[in-house]
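Below, read A as the first sequence line, B as the second, and so on, with proteins coming before strands; counting in each chain starts at 1.
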There are 2 protein chains.
Amino acid sequence: MKRNSRLSLALHTLGHMAGDPDRMRTSADIAKHAGTNPVVVRRVLGKLREAGLLTSEKGHAGGWRLARAPDAITLADVYLALDESLVATAEQEAASACSVENILQKKVASVLEDIERSLVERLAATTIAEVR
Amino acid sequence: MKRNSRLSLALHTLGHMAGDPDRMRTSADIAKHAGTNPVVVRRVLGKLREAGLLTSEKGHAGGWRLARAPDAITLADVYLALDESLVATAEQEAASACSVENILQKKVASVLEDIERSLVERLAATTIAEVR
DNA sequence: ATTAACGCAACAGCAAAAGTTACATTAGCC
DNA sequence: GGCTAATGTAACTTTTGCTGTTGCGTTAAT
Ligand code: FES
Ligand code: FES
């Protein structure tokens with residue numbers, strides 16, 4: 001697991017959680033499985049918690065758990081929770097003096113928006129219950 | 001022009017070329033317009049030449065020119081010529097022991113392939129003659 | 001012969017992502 | 001109450017890919 005590691009890490013972890021939703025997992029456990037560092041895990045899962053997909057508990061018997069049923073969490077939920085996008089975003093700059101630049105900007109931005117939308121649609125069709 | 005600079009640079013340059021196809025441009029000219037370095041321009045345009053979209057000539061009166069009519073070059077041609085993809089590619093690693101990983105890999109890869117295909121389709125609908 | 005261009009390779013600088021360390025806080029357990 | 005094991009966060013370091021830069025060889029017009 002190398003690239004796009006945040007998303008990979010998140011999906012992989014949720015996939016395993018979906019297979020045994022009641023078990024509480026610590027960031028150290030998860031990190032060991034994923035071959036990374038507990039802090040990285042907490043960083044990523046923290047975003048999923050903010051999005052309401054996971055809950056975490058501090059203290060002695062703490063750890064991480066799904067916040068909803070596995071079949072109520074789609075890949076799109078995860079993708080959107082980390083706001084990192086798989087489609088390069090064409091950030092719009094203040095309209096330049098160059099007409100070529102402006103026209104291109106519009107064309108490309110509109111294509112990318114459509115593509116992004118359809119990507120999310122596709123991801124929404126699969127739940128993490130289906131990937132374990 | 002900051003991000004995804006290779007594609008931006010390429011499209012922008014071709015857009016301008018489409019407006020005056022017979023004029024020969026040097027990498028230094030182009031670099032000045034694009035606010036970058038001639039070597040960077042040659043790197044990018046070199047790929048477009050390999051793909052048959054441009055021709056370059058060395059020597060004193062050398063420079064760059066379109067290899068075909070502007071309305072015969074689509075944005076998709078340019079996108080494909082630089083093999084840099086706007087959709088993050090889910091590189092496949094040797095099937096791991098973990099079934100979650102394998103299933104995810106397949107799902108995500110297939111989605112991304114579809115998305116990439118449809119992106120290229122969309123880009124193929126516009127020629128550089130339309131963006132000047 | 002000179003000049004102005006490309007081609008290419010090697011190197012330097014930079015910025016974003018990942019990993020690491022450190023420490024405060026929290027909650028169960030004896 | 002004190003110990004232990006967990007999260008939460010901030011700061012720092014390392015890695016990595018991209019951009020930009022320099023240098024030099026090659027080519028062709030003048
Ligand atoms: S990571 Fe999927 S099995 Fe350990
Ligand atoms: S860059 Fe488009 S006008 Fe100079």
Side-chain angles (χ1 to χ4, degrees), chain A residues 1-13 17 23-67 79 81-91, chain B residues 1-10 12-13 17 23-67 81-91:
Chain A
M1 190 184 318
K2 309 160 210 163
R3 207 173 178 222
N4 271 115
S5 25
R6 291 206 286 274
L7 184 58
S8 293
L9 172 57
L11 289 177
H12 190 176
T13 303
M17 284 176 163
R23 176 167 148 217
M24 181 82 94
R25 289 152 217 259
T26 69
S27 56
D29 285 349
I30 297 168
K32 185 172 286 180
H33 262 256
T36 182
N37 190 289
V39 176
V40 175
V41 171
R42 293 200 284 261
R43 274 209 282 255
V44 172
L45 299 194
K47 290 207 146 191
L48 302 187
R49 184 191 47 218
E50 286 168 25
L53 305 180
L54 290 178
T55 59
S56 68
E57 277 165 39
K58 303 179 185 175
H60 191 147
W64 301 82
R65 205 176 341 213
L66 295 179
Y79 172 72
L82 322 170
D83 43 4
E84 155 201 25
S85 84
L86 291 178
V87 175
T89 167
E91 87 278 6
Chain B
M1 190 183 319
K2 308 159 212 167
R3 209 179 176 216
N4 271 115
S5 21
R6 290 204 286 272
L7 184 59
S8 293
L9 172 56
H12 190 178
T13 303
M17 285 177 162
R23 174 167 152 220
M24 180 83 93
R25 289 151 217 260
T26 69
S27 56
D29 286 347
I30 298 169
K32 187 173 286 181
H33 261 258
T36 183
N37 190 289
V39 178
V40 174
V41 172
R42 292 200 284 260
R43 274 209 282 255
V44 172
L45 298 194
K47 290 208 146 190
L48 302 187
R49 183 191 46 218
E50 287 169 24
L53 306 180
L54 290 178
T55 58
S56 69
E57 277 165 39
K58 302 180 187 175
H60 192 147
W64 300 83
R65 208 178 338 218
L66 294 179
L82 322 172
D83 44 3
E84 157 200 25
S85 83
L86 291 178
V87 175
T89 167
E91 86 280 6

Q | Upstream residue (5' side of DNA chain D) when A/Gly46 and A/His60 are each assigned their closest nucleotide | A | A/His60

In whole angstroms, how far is the [atom2] atom of [N] from the [atom1] atom of [X]?
{"X": "B/Arg65", "N": "C/dC6", "atom1": "CZ", "atom2": "P", "answer": "13 Å"}
{"X": "A/Leu45", "N": "D/dT9", "atom1": "CG", "atom2": "C1'", "answer": "15 Å"}
{"X": "B/Met24", "N": "D/dA28", "atom1": "CE", "atom2": "P", "answer": "12 Å"}
{"X": "B/Arg42", "N": "D/dT27", "atom1": "CZ", "atom2": "P", "answer": "15 Å"}
{"X": "A/Lys58", "N": "C/dT26", "atom1": "NZ", "atom2": "C1'", "answer": "6 Å"}

(Q) At less than 3.5 Å, do the side-chain atoms of A/Arg43 and the base atoms of D/dG8 form a donor-acceptor pair? (A) no

Q.
Under 3.5 Å, is there a donor on one side chain and an acceptor on the other for B/Arg49 and B/Ser56?
A. yes

Q. Do B/Ser27 and B/Arg42 get their side chains close enough for a donor-acceptor pair, meaning under 3.5 Å?
A. yes

Q) Looking only at heavy atoms, which two atoms of A/Thr26 and A/Trp64 are closest? And how far apart? A) C-CD1, 4.3 Å

(Q) Between A/Ser27 and D/dT7, is there a contact of a side-chain N or O with OP1 or OP2 at under 4.0 Å? (A) yes

**Q.** Nucleotide of C/dT20, C/dA9, D/dG20 approaching B/Val40 most closely (side-chain heavy atoms)
**A.** D/dG20

**Q.** A/Glu57 or B/Ala28, whichever maps to the more 5' nucleotide of DNA chain C
**A.** B/Ala28

